There are 2 protein chains.
Amino acid sequence: MKDEQVSRRGIPEATVARLPVYLRALGALAERDTTTVSSEELAVAAGVNSAKLRKDLSHLGSYGVRGVGYDVDYLVYQISRELGLTQDWPVAIVGIGNLGHALAGYAGFATRGFEVVALFDTDPRVVGETVAGLPVLPLDDLEEVSARRPISIGVVATPAGPAQQVCDRLVAAGVRSVLNFAPCVLNVPDDVDVRKVDLSTELQILAFHEQRKALASGAALDAASLATRTLAAGGDA
Amino acid sequence: MKDEQVSRRGIPEATVARLPVYLRALGALAERDTTTVSSEELAVAAGVNSAKLRKDLSHLGSYGVRGVGYDVDYLVYQISRELGLTQDWPVAIVGIGNLGHALAGYAGFATRGFEVVALFDTDPRVVGETVAGLPVLPLDDLEEVSARRPISIGVVATPAGPAQQVCDRLVAAGVRSVLNFAPCVLNVPDDVDVRKVDLSTELQILAFHEQRKALASGAALDAASLATRTLAAGGDA
DNA sequence: TAGATTGTTAATCGATTAACAATC
DNA sequence: TAGATTGTTAATCGATTAACAATC
């Protein structure tokens with residue numbers, strides 16, 4: 001009993017980050033009317049190794065049946081519950097530029113679990129517009145709006161300049177989870193979670209590997225041409 | 001000499017993922033005309049611990065001066081070189097919907113290191129439009145365009161449905177680095193890198209922690225009310 | 001029972017971090 | 001030289017994975 005409690009609480013961060021991937025793969029299986037899935041099949045669909053998948057799921061409890069596999073619907077429910085998706089989290093987006101527009105219209109929010117409840121901007125040319133069925137409000141309304149209906153997740157889609165200030169206001173208004181699209185580090189109190197989505201970081205990581213591949217094939221070419229030259233010289237110089 | 005080569009090649013993946021963050025922090029310092037920075041200062045700006053920062057930088061070489069710190073410009077150059085940003089990588093974006101529009105216009109691409117060279121879509125209503133100064137081409141032009149000018153990085157900004165097919169075509173056209181915004185797993189050969197940017201995964205991870213906080217404060221409230229009741233009962237029941 | 005597949009163990013690997021000798 | 005800060009060591013921690021006993 002104590003053990004169970006302990007394991008229930010301490011789900012490794014790496015496991016939490018993979019649960020959404022499993023959930024998506026299970027959703028696709030459910031749509032194809034698959035009722036049961038083995039760890040091996042689900043692992044392939046999610047792009048992970050099956051031992052890792054079983055270890056991850058074991059942190060949630062024993063929801064599989066030996067010799068049979070996992071019931072798709074039941075596992076969807078258990079993962080959803082663990083991730084907190086059996087309730088709707090109210091989301092506010094600050095910064096309705098190109099990206100904010102795209103985010104407001106993103107179907108991913110419509111997925112069970114989230115509801116966009118408010119859009120904010122400071123630009124008078126944007127305030128008052130209707131985006132994805134919601135009016136864009138002046139940022140100065142943030143405190144009033146959040147007092148009336150608490151915001152669980154704040155999305156920062158502003159430029160880097162005002163991002164920290166916007167974040168501070170969100171936190172002051174009671175937001176304890178922030179999704180940051182601005183290209184900068186946000187400083188927040190310990191009880192606030194920030195996750196960062198950063199296009200240019202991702203591109204730079206790809207560039208690093210791209211360069212390594214170019215160097216590797218360049219080195220291979222060098223080795224090949226060296227071998228050719230060595231052969232042409234007819235020796236083992 | 002051999003040791004140096006070995007350490008040069010094997011930069012840990014976790015370190016590579018942080019180099020862009022250091023680069024950004026250094027850029028901000030350079031703008032404020034800071035010429036020298038200590039590992040402690042830079043670590044704070046980047047939001048990491050200074051031992052980790054020094055360890056990360058040590059994988060690139062010995063670019064600091066004991067007792068003094070790091071020269072900002074020199075470190076910017078060394079990290080840029082390591083990440084492969086001293087050349088421009090040609091980028092193509094496939095899928096010019098809301099998100100594709102935002103990506104094409106994103107200033108992050110303009111950052112030294114990347115150049116958007118082509119935009120593709122299949123929707124006849126979008127093809128022919130000019131977005132961020134580039135014409136949107138029919139996806140069927142992909143092979144011809146990439147034959148004329150190789151594409152290093154392909155950005156998949158389509159819905160999940162066609163994403164795998166689009167990815168297969170990119171790979172067949174010689175693309176070996178893919179940035180995937182579609183909410184699905186992409187299967188690629190071993191020599192192709194895929195990185196994934198996934199809004200709903202990030203939201204779900206935030207929801208998990210948000211729920212844990214709610215449960216924790218709920219539990220705290222329960223404990224408090226239990227304590228109150230226990231006190232009211234005047235005992236240690 | 002025989003076959004299949006889970007849940008868990010234990011070994012391995014990689015990342016983090018405090019501490020400090022080296023050295024500017 | 002005295003003070004400051006790097007680069008590295010070594011201990012610790014967490015994540016991954018193969019293997020297999022448990023069990024449907």
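In what follows, every chain begins at residue 1, and chains take the letters A, B, ... in the order their sequences are listed. Just so we're clear, the structure is a prediction, and the values are computed from it rather than from any experiment.
Atom CD of A:Gln165 sits in a sparse spot, with 12 or fewer heavy atoms from other residues, nucleotides or ligands closer than 6.0 Å. Other residues, nucleotides and ligands contribute over 12 non-hydrogen atoms within 6.0 Å of the CD atom of B:Gln87.
The side-chain hydrogen bond (donor to acceptor under 3.5 Å, both in side chains) analysis of residues 24-33 of chain B, with sequence neighbours excluded, yields the pairs A:Asp198-B:Arg24, A:Ser200-B:Arg24.
OP1 and OP2 of C:dT5 both lie 4.0 Å or more from every side-chain N or O belonging to A:Ser39. Residue B:Tyr70 has a polar side-chain atom (N or O) positioned under 4.0 Å from OP1 or OP2 of D:dG7.
The main-chain N or O of A:Ile151 is never found under 3.5 Å from a side-chain atom of A:Trp89 such that the two would form a donor-acceptor pair. Proximity of a side-chain donor or acceptor of A:Ser146 to a complementary backbone N or O of A:Leu142 within less than 3.5 Å is detected.
Atom CG of A:Leu75 and atom C1' of C:dT6 are 13 Å apart (whole Å). Spacing between atom NE2 of A:His59 and atom C1' of C:dT8 amounts to 11 Å, rounded to whole angstrom units. Here C:dG7 presents its C1' atom at 14 Å from OH of A:Tyr63, a figure rounded to the nearest Å. Look at CD on A:Glu40: it is 17 Å from C1' on C:dG3, rounded to the nearest Å. Rounded to whole angstrom, the span from the CG atom of B:Leu53 across to the P atom of D:dT6 amounts to 8 Å. Atom pair B:Asp71:CG and D:dT5:P shows a separation of 16 Å (rounding to whole Å applied).
Taking the six-membered ring for Trp and the full ring otherwise, B:Tyr70 and B:Tyr63 have centroids separated by 6.0 Å or more.
When only modelled atom types and interatomic distance are considered, B:Asp56 and B:Thr15 share a side-chain donor-acceptor pair under 3.5 Å. A donor and an acceptor atom, one from each side chain of A:Thr86 and A:Arg81, are nowhere located under 3.5 Å apart.
Nearer to the 5' terminus of DNA chain C, by closest-nucleotide assignment, is the contact made by A:Val37 (compared with the other of A:Val37 and B:Arg66).
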Restricting both atoms to N or O, compile the protein contacts to nucleotides 11-18 of chain C shorter than 3.5 Å, with distance only.
| residue | atom | partner | partner atom | Å |
| --- | --- | --- | --- | --- |
| C:dT16 | OP1 | B:Arg18 | NH1 | 3.0 |
| C:dT16 | OP2 | B:Arg18 | NH1 | 3.3 |
| C:dT16 | OP2 | B:Arg18 | NH2 | 2.8 |
| C:dA18 | OP2 | B:Asn49 | ND2 | 3.3 |

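Note on A:Asp193 versus B:Lys213: salt bridge recorded, some NZ/NE/NH1/NH2 to OD/OE distance being below 4.0 Å.
Stem list for DNA chain C (at least 3 consecutive Watson-Crick or G-U pairs, distances under 3.5 Å): C:3-24 with D:3-24.
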